[in-house]
Amino acid sequence: MPAGRPGPAAQSARRPPPPLLPLLLLCVLGAPRAGSGAHTAVISPQDPTLLIGSSLQATCSVHGDPPGTTAEGLYWTLNGRRLPPELSRVLNASTLALALANLNGSRQQSGDNLVCHAHDGSILAGSCLYVGLPPEKPFNISCWSKNMKDLTCRWTPGAHGETFLHTNYSLKYKLRWYGQDNTCEEYHTVGPHSCHIPKDLALFTPYEIWVEATNRLGSARSDVLTLDILDVVTTDPPPDVHVSRVGGLEDQLSVRWVSPPALKDFLFQAKYQIRYRVEDSVDWKVVDDVSNQTSCRLAGLKPGTVYFVQVRCNPFGIYGSKKAGIWSEWSHPTAASTPRSERPGPGGGACEPRGGEPSSGPVRRELKQFLGWLKKHAYCSNLSFRLYDQWRAWMQKSHKTRNQDEGILPSGRRGAARGKGGPGGGSVCGGRKPCPAPSTSESLPWNPFLLLLIGIDLALTVCLACNVAGGRSSSGTTCPS
Amino acid sequence: MSQREGSLEDPQADDSVSLLPHLEAKIRQTHSLARLLTKYAEQLLQEYVQHQGDPFGLPGFSPPRLPVAGLSAPAPGHAGLPLPERLRLDAAALAALPPLLDVVRGHQAELNPRVPRLLRRLEDAARQARALGAAVETVLAALGAAARGPWHEPSAATAAAAAAASAAGVFPAKVLGLRVCGLYSEWVSRTEGDLSQLVPEGPA
């Protein structure tokens with residue numbers, strides 16, 4: 001049997017049969033109907049509490065009109081099922097006994113219904129059995145404070161959980177070195193085994209918290225958890241999470257949010273995490289290195305794809321605390337889609353540039369392949385990546401607006417092509433190393449030939465660096481042979 | 001008996017007697033309430049037996065139908081009584097039910113503390129019985145057939161007696177609750193039937 005302090009006596013009757021009250025011929029079973037000749041009976045024990053696996057000896061004593069009513073013909077049912085006759089025996093003319101062994105846990109918390117019936121099936125008396133286990137020691141208490149104003153705690157009820165009896169859980173708390181025990185009053189706030197303390201909590205001083213479990217068979221107490229409210233602070237999720245496209249860039253999304261307003265008056269540093277997934281996937285990707293910013297750009301995404309994005313916050317270092325806080329819940333998912341790719345499909349020549357445009361298909365394809373290789377292997381991969389993106393965006397726009405100067409982006413669209421916020425508006429998340437912004441001016445006229453020259457120059461630089469470092473660049477990427 | 005009471009006695013006999021529009025609306029409203037509560041009472045009964053365990057939910061279960069303190073089931077001859085008398089009995093029964101439903105709720109709060117829906121239904125039933133009883137009283141008063149004596153809830157002693165009765169044991173308390181829920185269902189259904197004879201024919 002599981003450990004637990006012994007509770008009330010388990011097998012004896014809990015109280016003697018009640019006296020008849022003048023007004024109570026109305027409700028107590030067995031009250032005779034006037035002139036009906038009906039019998040009454042009393043079951044002993046009334047409403048006993050028993051351990052699982054224990055035995056029960058019960059009796060049904062009949063009092064009737066006419067007197068001398070026999071116990072012959074009486075029978076027992078338990079939860080509506082007739083018990084085998086061999087479990088019963090007639091003790092005397094008016095008493096039928098019952099012996100039950102190895103009792104199972106109660107089927108319902110209101111008690112198992114043991115009923116004594118007359119030979120015609122009518123109910124003479126009833127008693128409710130409570131068969132179960134004493135509570136196990138609650139464990140795994142965890143607590144958190146929302147914005148340092150309250151405390152919510154959750155616990156696990158015990159190693160085996162089910163006691164088959166109604167078990168009452170009480171969360172207690174007190175200041176560690178002084179003060180009286182207090183009892184939490186708002187239960188089931190975040191699940192069946194939880195409690196919320198809404199106010200009157202002290203900071204900078206530890207609390208002792210524990211849970212007491214009690215049922216008809218005994219009680220148990222958890223270990224004491226000691227904590228300072230400041231060390232378990234969490235916040236609401238960041239509000240106003242917005243996810244939007246980055247101009248026409250088909251593999252990026254911009255995420256912006258607001259820091260939780262409730263903590264704005266307190267000194268703390270907030271860390272954020274972002275997670276995102278494709279619409280029909282269950283696998284989240286987590287971006288950890290967001291630090292204290294309130295915006296981020298996700299890169300390397302699939303074009304024409306719907307993504308769900310969530311953000312959460314961790315306040316740490318509150319009032320000088322050395323410990324991290326507790327991560328908030330994730331914000332509600334925000335969905336956005338990356339633009340569809342407008343590049344021609346494999347083998348398609350539908351988007352070949354018109355005649356007169358320098359460097360038609362083959363050069364562009366080779367340049368694209370070269371830049372793709374740079375993206376994969378070079379140290380400052382995002383430098384060429386950015387150039388490549390800008391070039392692609394420019395190409396897409398130039399296909400749409402044939403009358404524009406192909407070498408210079410219109411000023412109004414230049415910002416859109418780069419994405420919101422510009423180069424300094426938020427870190428590029430998704431695992432890419434940030435690089436210094438290119439020193440080239442915003443109005444540099446891009447054309448494919450110039451791009452090719454820059455690419456060749458970069459490749460030469462990489463190879464030179466590899467030769468100096470003995471075959472590996474300083475980033476650890478492998479140099480091409 | 002006044003012309004109004006005459007129409008209450010036999011509302012179908014004199015088509016020329018038309019009830020005032022607001023009274024007609026009140027009757028319709030009260031009848032609709034009774035019809036709604038009839039459905040709720042059936043749901044309460046089903047939920048109640050579900051949580052007491054077998055044999056309470058079994059088809060053949062038949063504990064002794066002993067009268068409850070201060071309240072009895074509609075008599076077999078109820079339908080043969082004059083309509084005002086029937087409505088007075090309906091109102092009296094609906095006034096007697098709330099304290100008994102409160103007692104049952106108190107028992108179930110100990111026996112089934114993890115079934116808040118049952119507890120809420122019992123609490124709602126007490127409130128709804130009170131409201132329907134008051135509405136029936138209003139209709140009776142408007143028709144000049146008010147209940148005899150001041151309308152009042154049963155004495156606290158009656159409720160205390162019922163509570164003490166169930167202190168005799170858990171099983172008797174379960175049976176008491178079944179009986180009270182059954183009486184509630186019977187009386188709201190009876191009230192709905194009686195009011196239907198007052199509802200003027202035709203659309204509201």
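Excluded from the calculations below are hydrogen atoms, water molecules and symmetry mates; all remaining heavy atoms, backbone and side chain alike, are included. So that the names make sense, note that chain A is the first sequence line, chain B the second, and so on, each numbered from 1.
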Closest non-hydrogen contact found for Asp47(A) with Val170(B) is OD2-N, 2.9 Å

Shortest non-hydrogen pair, Asn113(A) vs Asp54(B), comes out as ND2-O, 2.9 Å

Bottom line for Ser122(A): the part with an atom under 4.5 Å from chain B's heavy atoms is neither

**Asked** For Cys128(A), does its backbone N or O pair with a side-chain atom of Lys174(B) as donor and acceptor, under 3.5 Å?
**Response** no

- prompt: Around Glu110(B), counting heavy atoms of other residues, nucleotides and ligands shown, do more than 12 lie under 6.0 Å from its CD?
  reply: no

**Message:** Do Leu114(A) and Phe171(B) make a side-chain contact, defined as non-hydrogen atoms from C-beta onward lying under 4.5 Å apart?
**Reply:** no

Quiz prompt | Heavy atoms of other groups near Tyr40(B) OH, more than 12 under 6.0 Å | solution = no

Practice task
Spell out, as yes or no, whether a donor-acceptor pair under 3.5 Å connects the side chain of Ser110(A) to the backbone of His51(B).
Solution key: yes

When every non-hydrogen atom of Gly126(A) is compared with those of Pro172(B), the smallest separation belongs to O-CD, 4.5 Å

Between Gln52(B) and Gln108(A), the two heavy atoms sitting closest are O-NE2, 3.9 Å

Answer key: most heavy-atom pairs under 4.5 Å with chain A among Gly60(B), Gly57(B), Pro55(B), Ser62(B) is Pro55(B)

Take a 6.0 Å sphere around CD of Gln43(B) and say whether it holds more than 12 heavy atoms from other residues, nucleotides or ligands.
yes

If you draw a 6.0 Å radius around CZ in Arg114(B), do more than 12 non-hydrogen atoms from other residues or ligands fall strictly inside?
yes

